[in-house]
Amino acid sequence: MRSTKPRKQFAQHWLKSEKALDRIVKAAELSGDRVLEIGPGTGILTRRLLADAEAVVAVEIDRDLCLQLAKQLGKKDNFLLLQGDFLEMDLEAQLTTFERFQNPNKVVANIPYNITGPIVQKLLGTISQPAVKPFDSIVLLVQKEVADRLYAKPGSRAFGALSVRVQYLAECELICDVPAKDFYPPPKVDSAVVRLRPRLIENPAANPKHLENLVKLGFSSKRKMLRNNLKGVVDVETLVQVLENLQINPQSRAEDLSVEQWINLSNNLLEENRL
Ligand code: SAH
């Protein structure tokens with residue numbers, strides 16, 4: 001059988017740091033949980049999860065790795081391995097006959113970095129279509145640059161459209177940094193472990209689709225002031241008035257507004273349009 005030579009095509013980088021594995025598993029706070037793992041690879045994280053979780057369902061795209069994993073871990077009755085592309089998979093449908101693995105409540109994964117955005121979106125949903133059954137927590141090893149955006153605070157350079165979209169749906173925190181040398185082969189970038197906790201939004205946007213579009217447009221040109229980026233949808237005077245009403249500096253750029261301020265801005269602009 002093929003050895004576990006990492007394949008570039010599937011963004012395979014095997015984590016080899018025990019310390020990083022400890023941090024990931026600890027951050028997941030496992031006890032009686034059903035865990036979903038995306039991209040188990042050689043199973044280094046999977047073995048840890050199996051020791052602490054009630055059940056682990058892992059989705060791996062690489063057939064050869066699946067054969068190997070099935071050989072090594074297939075006998076464990078709290079382990080279910082599904083071969084396929086996580087992005088394409090209807091997980092709920094796949095799990096209909098596996099009662100023990102249905103409705104996993106946590107995600108723990110060292111994911112392929114080339115599809116980080118789509119994975120996060122599939123796990124959390126979007127502003128206008130949040131996940132119907134949100135996970136309790138999602139612990140992910142991602143590239144550092146993406147991690148920085150996920151937990152960025154408003155006003156910081158890293159705070160972008162992704163920060164608003166994800167933080168609208170979940171609380172995000174940094175667990176630890178993981179240097180490139182902790183992987184084989186080392187990726188070109190450093191990495192970090194983040195934890196996302198999907199949350200109920202206390203004051204959700206009146207029209208989530210509107211908020212989604214507003215955020216997209218607001219961040220369309222990073223250097224510009226918000227009022228310039230939004231010129232196409234709202235005249236400057238109205239916008240300045242709305243911003244002042246909300247006690248937001250009219251000179252603000254998109255990255256200066258908190259998630260709450262984005263929600264308020266969207267709601268207020270909608271009201272203006274109704275007049
Ligand atoms: N968790 C392992 C491997 C991480 S590398 C470790 O920590 O060492 C990323 C893994 O995701 C690889 O095993 C790769 O084959 C798998 N993968 C890549 N694209 C995938 C997809 N679309 N769906 C499921 N798994 C995928």
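When a ligand or atom number is given, it counts from 1 through the structure's own listing order.
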(request) Run down the list Asp64, Val108, Val59, Asn110 and name the one with the heavy atom closest to atom 24 (C) of ligand 1. (result) Val59
(request) Using a strict 4.0 Å threshold on nitrogen-to-oxygen distance, state whether Lys144 and Asp148 make a salt bridge. (result) yes
(request) For atom 23 (N) of ligand 1, find the nearest protein heavy atom and state the residue, atom name and distance (0.1 Å precision). (result) Phe86 N, 2.9 Å
(message) Is Gly84 close enough to touch ligand 1? Criterion: a residue heavy atom under 4.0 Å from a ligand atom.
(response) yes
(request) May I ask you to list the atoms of ligand 1 that are less than 4.0 angstrom from any heavy atom of Ala11? (result) 5 (S), 9 (C)
(request) Tell me yes or no: between the side chains of Thr238 and Asp235, is some donor less than 3.5 Å from an acceptor? (result) yes
(message) List ligand 1 atoms under 4.0 Å from Glu60, heavy atoms only on the residue side.
(response) 12 (C), 13 (O), 14 (C), 15 (O), 16 (C), 25 (N)
(request) Return the option from Leu45, Leu15, Leu141 holding the heavy atom at the smallest distance from atom 8 (O) of ligand 1. (result) Leu15
(request) Using distance alone, decide if ligand 1 has a nitrogen or oxygen within less than 3.5 Å of any nitrogen or oxygen in Asp62. (result) no
(request) I would like to know whether Arg165 and Glu212 meet salt bridge (Lys or Arg N to Asp or Glu O under 4.0 Å); could you show each step before the answer? (result) CA-CA 8 Å; Arg165 290 202 303 263; Glu212 213 162 60; over 6 Å; no
(message) Any nitrogen or oxygen of Ile44 lying under 3.5 Å from a nitrogen or oxygen in ligand 1? Just yes or no.
(response) no
(message) Looking at Glu29 and Arg195, is any side-chain nitrogen of the basic one under 4.0 Å from a carboxylate oxygen of the acidic one?
(response) yes
(request) Among all protein heavy atoms, pick out the one at the shortest distance from atom 19 (N) of ligand 1; state its residue, atom name and that distance to 0.1 Å. (result) Pro112 CG, 3.5 Å
(request) Provide, to 0.1 Å, the distance between atom 12 (C) of ligand 1 and the closest protein heavy atom, together with that atom's residue and name. (result) Gln12 CG, 3.5 Å
(request) Considering only non-hydrogen protein atoms, determine which one is nearest to atom 25 (N) of ligand 1 and report residue, atom name and distance to 0.1 Å. (result) Ile61 N, 3.4 Å
(request) Take every heavy atom of Ile115, measure it against each atom of ligand 1, and state whether any distance is under 4.0 Å. (result) yes
(request) Just need the protein heavy atom nearest to atom 3 (C) of ligand 1, so name the residue and atom and give the distance. (result) Gly39 O, 3.4 Å
(request) Run down the list His13, Lys16, Glu88 and name the one with the heavy atom closest to atom 5 (S) of ligand 1. (result) His13
(message) Does ligand 1 come near enough to Thr42 that some N or O of the ligand is less than 3.5 Å from an N or O of the residue?
(response) no
(message) I'd like the name of whichever of Thr46, Leu82, Asp85 reaches closest to atom 21 (C) of ligand 1 through any heavy atom.
(response) Asp85
(message) Please check whether Ile38 reaches ligand 1 - meaning an N/O of the residue sits under 3.5 Å from an N/O of the ligand, judged on distance alone.
(response) no
(message) Under a 3.5 Å threshold, yes or no: a donor from one side chain and an acceptor from the other, between Gln12 and Asp62?
(response) yes
(request) May I ask whether Leu65 has any heavy atom positioned less than 4.0 angstrom from an atom of ligand 1? (result) yes
(request) Any chance you could lay out the salt bridge (Lys or Arg N to Asp or Glu O under 4.0 Å) test for Lys106 and Asp136, step after step, and finish with the verdict? (result) CA-CA 6 Å; Lys106 289 186 179 171; Asp136 295 334; 6.0 Å; no
(message) Taking distance alone, with N or O pairs closer than 3.5 Å, would you say Leu87 contacts ligand 1?
(response) no
(message) Could you tell me if Arg34 and Gln102 have a donor-acceptor pair between their side chains, going purely by distance under 3.5 Å?
(response) no
(request) Do me a favour and list the nearest non-hydrogen protein atom to atom 18 (C) of ligand 1 with residue, atom name and distance? (result) Phe10 O, 3.2 Å
